[in-house]
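What's counted below: heavy atoms across the whole structure, side chains too, no hydrogens, waters or symmetry copies.
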There are 4 protein chains.
Amino acid sequence: MLVVMQSSASEDKIQKVLEFIKQKGFDTHISKGEDHTVIGAVGSKIIDKRDIELLDGVKEVIRISSPYKLVSRVFKPNDTIIEVNGVKFGGGHVGMIAGPCSVESYEQVDATAQKLAKCGVKILRGGAFKPRTSPYAFQGLGEEGLKILREVADKYGMAVTSEVMEVGQIPLFLKYVDILQVGARNMQNFNLLRCLGEIRKPVLLKRGLSATIEELLMSAEYIVSGGNREVILCERGIRTFEPMTRNTLDISAIPVVQKISHLPIIVDPSHATGLRDKVAPMSKAAIAAGADGLIIEVHNSPETALCDGAQSLYPSDFAELYKDLQALSGIINKVCC
Amino acid sequence: MLVVMQSSASEDKIQKVLEFIKQKGFDTHISKGEDHTVIGAVGSKIIDKRDIELLDGVKEVIRISSPYKLVSRVFKPNDTIIEVNGVKFGGGHVGMIAGPCSVESYEQVDATAQKLAKCGVKILRGGAFKPRTSPYAFQGLGEEGLKILREVADKYGMAVTSEVMEVGQIPLFLKYVDILQVGARNMQNFNLLRCLGEIRKPVLLKRGLSATIEELLMSAEYIVSGGNREVILCERGIRTFEPMTRNTLDISAIPVVQKISHLPIIVDPSHATGLRDKVAPMSKAAIAAGADGLIIEVHNSPETALCDGAQSLYPSDFAELYKDLQALSGIINKVCC
Amino acid sequence: MLVVMQSSASEDKIQKVLEFIKQKGFDTHISKGEDHTVIGAVGSKIIDKRDIELLDGVKEVIRISSPYKLVSRVFKPNDTIIEVNGVKFGGGHVGMIAGPCSVESYEQVDATAQKLAKCGVKILRGGAFKPRTSPYAFQGLGEEGLKILREVADKYGMAVTSEVMEVGQIPLFLKYVDILQVGARNMQNFNLLRCLGEIRKPVLLKRGLSATIEELLMSAEYIVSGGNREVILCERGIRTFEPMTRNTLDISAIPVVQKISHLPIIVDPSHATGLRDKVAPMSKAAIAAGADGLIIEVHNSPETALCDGAQSLYPSDFAELYKDLQALSGIINKVCC
Amino acid sequence: MLVVMQSSASEDKIQKVLEFIKQKGFDTHISKGEDHTVIGAVGSKIIDKRDIELLDGVKEVIRISSPYKLVSRVFKPNDTIIEVNGVKFGGGHVGMIAGPCSVESYEQVDATAQKLAKCGVKILRGGAFKPRTSPYAFQGLGEEGLKILREVADKYGMAVTSEVMEVGQIPLFLKYVDILQVGARNMQNFNLLRCLGEIRKPVLLKRGLSATIEELLMSAEYIVSGGNREVILCERGIRTFEPMTRNTLDISAIPVVQKISHLPIIVDPSHATGLRDKVAPMSKAAIAAGADGLIIEVHNSPETALCDGAQSLYPSDFAELYKDLQALSGIINKVCC
């Protein structure tokens with residue numbers, strides 16, 4: 001941490017700031033420049049930099065070290081590769097997850113999964129507990145939904161991912177699910193994150209609608225610092241002033257995250273755009289930008305879907321897109337499966 | 001709901017859209033204009049309007065009725081007035097809540113509350129469970145914190161509000177707390193909202209960092225539709241591109257909410273700005289714009305606060321501000337206490 | 001400027017960075033801390049900090065001094081007070097500007113101005129050249145509009161402000177207008193700003209729809225560095241994801257600007273909200289937060305206005321609001337006229 | 001336009017609304033539904049919908065037709081293909097533009113262009129008049145810069161694009177430049193747009209930092225309605241809360257624009273990200289999403305560049321990227337040159 005004093009700061013004020021910082025448990029060293037005296041503060045304590053900025057004579061306080069440790073590339077230079085059912089995320093591998101938004105019935109999941117399995121998809125997605133903006137909307141089948149997912153996935157040799165919405169649901173998810181998904185609205189549900197740090201199954205952590213990349217990494221740090229090292233990050237669009245898409249997919253988050261963190265980052269083009277015909281171009285864009293995977297909504301009959309049918313691909317469209325994505329991956333020296 | 005057909009839409013396409021809508025449980029009526037055929041659809045079912053927009057020949061689908069019902073002024077034209085410990089929110093009354101960001105010790109809460117009580121404050125705030133971005137930061141005293149709050153509040157004849165972070169904590173809060181606060185990061189924690197609909201104590205619901213006003217009202221609808229009618233809304237700043245304040249306090253949300261909902265709306269200037277010297281001007285602005293209350297962070301010794309000291313007022317500053325706010329309230333024919 | 005080296009940076013890399021900085025015309029001094037070596041660079045040259053950040057071994061580059069000079073409080077600690085026709089902006093004075101969005105006819109301006117003059121308003125606003133999103137919308141009366149404004153203003157002893165849209169229009173404006181207004185869309189029309197620095201009439205500079213406060217001050221710096229010290233800043237709402245108001249009025253920009261700059265800052269509640277019934281509460285909020293003035297749209301017959309009638313006040317509503325604002329100003333020890 | 005009346009609206013109020021609309025020059029037709037009466041209004045007049053929304057008994061006013069006409073796919077279903085120096089934008093063609101941010105000297109432009117020409121680039125970019133946030137920063141060489149660009153381009157058989165900043169500069173640009181570029185900060189400089197509608201050279205129109213896609217199209221409509229049909233749109237990043245990139249490149253704007261407009265849309269990954277190492281991934285993403293072209297900053301010696309060196313590619317990096325982009329274009333059945 002660097003504390004920049006105002007150019008007018010008296011010796012007395014500088015001393016008071018030094019004392020304050022030391023008292024908070026930091027070692028200090030001073031550098032007197034022509035314009036400004038700068039105090040360096042070294043230590044492992046957490047401090048709110050505004051506390052120092054409010055002291056008399058202080059111009060600015062600058063944090064040097066990152067607030068996240070275990071998820072950073074400085075801590076672990078090599079890519080973390082997460083493998084589920086033979087599918088790898090990270091380290092040159094592009095993992096594919098597909099399936100319906102919500103589990104509606106055994107027949108629906110079975111019909112969809114059969115087609116996905118035929119394309120080569122090995123991880124099935126599907127919501128059993130649904131976070132809905134309206135209390136009057138379909139809220140999901142609950143445990144029944146998880147059972148259906150598991151049964152169908154087993155039938156086709158697939159793994160399963162589904163969204164967990166609260167701490168109390170974790171035991172249920174451990175029973176049925178291979179990857180526990182944390183939704184955008186729960187990215188800063190810190191109790192949930194802490195509990196997910198204690199399990200030993202991969203977590204798919206979605207970026208919040210208005211979360212910065214640093215906050216996404218801090219949320220991952222909650223999980224990893226609890227002992228669970230298998231976190232897959234997911235970019236799913238951020239909220240901006242542009243109304244023509246549901247959200248604005250921040251594709252540049254992919255190379256940004258990959259530079260500063262070793263965790264894999266995948267993209268959800270379905271929720272980001274909210275529009276079926278935008279899913280293919282944005283999937284391709286994500287792969288071209290270096291994404292470590294995709295999670296795509298596919299429904300055997302989008303017109304009758306109980307949730308987000310408008311952004312779900314038809315199985316045939318998905319099959320075609322999947323081939324294009326594999327070709328694209330080849331061009332940038334990656335393997336997509 | 002209005003379905004606007006493309007000007008080129010054939011009779012056949014119009015029929016298919018009509019059938020689709022009827023099948024979803026809506027009554028329909030058609031209006032053929034010069035340019036566009038418009039289909040009106042009436043019914044109480046929830047439908048994703050994108051499902052219709054994707055049908056052949058449809059230009060646009062427009063929702064007419066609000067997605068929230070019970071919280072709207074159409075449903076209940078008069079202000080909901082919520083009274084806690086003699087303090088009223090709504091209907092011309094401006095309620096005041098004040099206290100430290102976090103409960104750190106009995107002494108700290110006692111020292112702060114004593115001064116607040118002397119000013120006339122009757123509702124004490126304080127965090128026992130703290131949502132922190134970093135897993136390494138102070139996470140609050142937990143139940144011990146709630147006990148301290150209760151004990152101190154009782155000593156000075158005050159009521160207590162504190163933030164509840166998950167479903168499992170609700171019984172604890174019912175024991176110690178008078179108003180249960182839902183933080184911005186939990187505004188769409190739907191499991192929590194649903195459970196808060198079942199209790200019979202007021203809920204203070206904060207707007208999420210990137211939540212629209214409609215979403216805030218939908219979250220309130222979750223609580224009210226569960227049977228708990230006492231919801232106080234709270235504007236606490238939204239996330240924008242402007243870095244000079246922590247968030248951008250959306251003061252215009254006050255008159256906007258008051259026009260469409262009967263629920264009281266208060267303002268949290270401390271979290272919105274993150275800066276002590278901005279708390280007074282923004283508190284005054286909120287009152288002048290018609291806010292039904294304020295929740296302000298005050299700490300007996302901000303320099304040593306474990307959390308958000310930088311945005312906490314000194315008790316003496318608060319005392320002065322409180323007087324100004326009471327004078328301001330008078331000017332706009334409201335009563336502040 | 002502070003250049004923080006990576007903890008792993010070799011002596012060789014540090015030397016190369018030092019040389020690079022010196023070559024760019026800066027004096028340097030080094031401070032070796034436990035974790036990081038920090039290089040201080042002092043000089044008046046302008047440098048893009050990313051150029052240094054890309055050098056090998058550099059962790060981060062931190063600008064210490066503000067990019068604006070002449071508009072900052074460091075340069076001039078006392079409020080700049082700008083006086084036009086006896087109305088003062090800044091230094092405890094709240095100036096009022098009112099009038100129609102566009103000049104439509106002599107009769108319309110006359111009817112509006114007469115009522116405003118009766119209320120005590122001494123500065124009349126009105127658009128002659130209109131920046132319209134659509135090429136098919138009413139574009140203003142041009143010079144004819146300026147003439148009308150001048151004539152009516154002279155009749156009632158008022159001053160005039162109107163928006164100048166390009167360099168070529170400046171001579172015309174100098175002939176008819178007392179305050180030259182720069183619209184939000186032109187806040188970074190640097191050619192225009194530079195030319196306005198050469199005139200000797202006050203400039204009312206509106207914040208761009210997505211401009212940061214720092215950028216607003218940099219645009220003011222363009223004008224002031226050209227020699228024209230009379231700049232009135234204007235907050236008029238920024239673009240966010242919230243659709244219920246046209247823009248989000250950033251009331252906190254008022255105290256933020258007042259802390260770092262000596263220039264007066266006023267508020268335009270009409271364009272910020274776009275809704276007549278939100279103008280009064282937001283005007284009051286602005287005054288309560290310490291604004292140095294207001295610019296409000298008033299039209300003698302809003303229903304027939306050619307532009308922005310929806311956000312224009314009726315003269316009678318304005319008269320009532322004006323009284324409230326004067327009372328409010330008194331409470332916070334300011335004078336409004 | 002559809003006017004939805006409140007469910008409680010009396011017959012009298014409906015009549016008054018009908019009259020108001022007719023008086024504004026629209027034909028009307030009424031549809032009485034169970035809940036709401038809806039009035040359809042047909043006509044070509046421009047009206048501010050808020051004017052009707054403020055009438056008694058009106059619930060909501062919905063615009064059906066797009067505010068842009070000539071640039072929409074409804075007006076012209078086939079892609080507009082713009083060809084400059086043998087390079088095509090649109091209709092399956094991906095055009096490439098490259099060159100330095102600013103023209104600094106003949107030697108610099110020559111050194112850069114020589115390498116670009118060798119790669120096969122046929123359109124050279126370079127700024128002669130620079131829009132700079134700070135009045136103290138390098139403002140460009142002006143006409144001298146345009147001359148250098150022209151001379152070097154002619155030497156290598158290239159075309160030239162450069163940014164025009166104001167109306168007065170247009171004659172100069174017509175003399176030296178093949179594509180006139182409008183910068184993000186001038187996207188709503190309507191005087192400039194109107195004048196560019198009168199010339200007969202292609203215009204490259206950049207999206208403003210906080211402009212919606214609809215506004216971008218409206219600005220293009222200004223140019224096209226003036227008679228100049230050759231407009232190339234350019235996505236260059238929008239302003240969001242994410243600080244890790246200069247702006248957030250809105251890749252989804254590509255398919256969105258291509259669905260509703262016939263004009264080509266290209267991407268500027270250099271300004272969008274502001275970081276050299278993000279240019280390659282975002283260029284690939286843009287092509288994969290279907291962009292009709294790219295404009296990339298390349299400098300023969302980025303470390304000594306006077307402007308934006310940090311985001312400029314080295315010629316060798318560009319050469320490699322260009323090959324990748326050509327391969328990628330092949331995969332999606334496009335031709336890149």
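- The minimum heavy-atom distance between C:Ile238 and C:Glu235, with the atom names listed, is N-OE2, 4.2 Å.
- In terms of heavy-atom proximity, B:Pro302 sits nearest to B:Ser312 at CG-O, 3.9 Å.
- Within residues 318-337 of chain B, the residues having any heavy atom less than 4.5 Å from a heavy atom of chain C are, in residue-number order, B:Ala327, B:Leu328, B:Ile331, B:Ile332.
- Shortest non-hydrogen contact noted between C:Ala253 and C:Arg207 is CB-NH1, 3.7 Å.
- The shortest side-chain heavy-atom distance between B:Ile213 and B:Val257 falls under the 4.5 Å cut-off.
- Summarising the geometry of C:Arg236 relative to C:Ala184, their closest heavy-atom pair is NE-CB, 3.5 Å, with the distance given to 0.1 Å.
- Near-neighbour residues of residues 241-252 of chain B relative to chain C, defined by a heavy atom under 4.5 Å from a heavy atom of that chain, comprise B:Phe241, B:Glu242, B:Pro243, B:Met244, B:Thr245, B:Thr248, B:Leu249, B:Asp250, B:Ile251, B:Ser252.
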Q: Report the C-alpha distance between B:Leu216 and B:Leu205 in whole Å, list the side-chain angles of each, state the deciding distance to 0.1 Å, and finish with yes or no for side-chain contact (heavy atoms from CB on, under 4.5 Å).
A: CA-CA 8 Å; B:Leu216 173 63; B:Leu205 177 65; 4.1 Å; yes
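- The side-chain heavy atoms of C:Glu215 and C:Met187, taken from C-beta on, include a pair separated by under 4.5 Å.
- Contacts of C:Ile287 with chain B are absent, with no heavy-atom separation under 4.5 Å from either backbone or side chain.
- In this structure, chain B has a heavy atom under 4.5 Å from the backbone of C:Ala211, while its side chain stays farther away.
- Between B:Leu233 and B:Leu204 there is no side-chain heavy-atom pair separated by less than 4.5 Å.
- Using a 4.0 Å cut-off between charged nitrogen and carboxylate oxygen, C:Asp79 and C:Arg73 count as a salt-bridge pair.
- Using a 4.5 Å heavy-atom cutoff, the side chains of B:Phe89 and B:Val87 are in contact.
- Between C:Glu60 and C:Gln6 there is no side-chain heavy-atom pair separated by less than 4.5 Å.
- For C:Glu214, the parts sitting under 4.5 Å from any heavy atom of chain B are the backbone and the side chain alike.
- At a heavy-atom separation below 4.5 angstrom, chain B is approached by no residue within residues 217-224 of chain C.
- For the residue pair B:Lys88 and B:His93, the shortest heavy atom distance occurs at O-CB, 3.3 Å.
- Using a 4.5 Å cut-off between heavy atoms, C:Ser283 does not touch chain B at all.
- At a threshold of 4.5 Å between non-hydrogen side-chain atoms, the residues B:Lys259 and C:Asp277 count as touching.
- Considering only heavy-atom pairs separated by less than 4.5 Å from chain B, the leading option among C:Ser210, C:Ala291, C:Ala280, C:Gly237 is C:Ser210.
- Using non-hydrogen atoms only and a strict 4.5 Å limit, no part of residues 261-274 of chain B faces chain C.
- Closest approach of C:Leu275 to C:Gln311, counting heavy atoms only: N-CB, 3.9 Å.
- At a 4.5 Å heavy-atom cutoff, the contact between C:Thr240 and chain B is made by side-chain atoms alone.
- Only the side chain of B:Ile260 comes within contact range of chain C, with heavy atoms under 4.5 Å apart.
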Q: Report the C-alpha separation of C:Ile296 and C:Ile97 in whole Å, then their side-chain angles, then the decisive distance to 0.1 Å, and conclude whether the side-chain contact (heavy atoms from CB on, under 4.5 Å) test is met.
A: CA-CA 6 Å; C:Ile296 297 180; C:Ile97 304 172; over 6 Å; no
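- Between C:Arg125 and C:Glu297 there is a salt bridge, since at least one side-chain N of the basic residue sits less than 4.0 Å from a carboxylate O of the acidic one.
- Proximity of B:His299 to B:Tyr314: side-chain heavy atoms (C-beta onward) are nowhere separated by under 4.5 Å.
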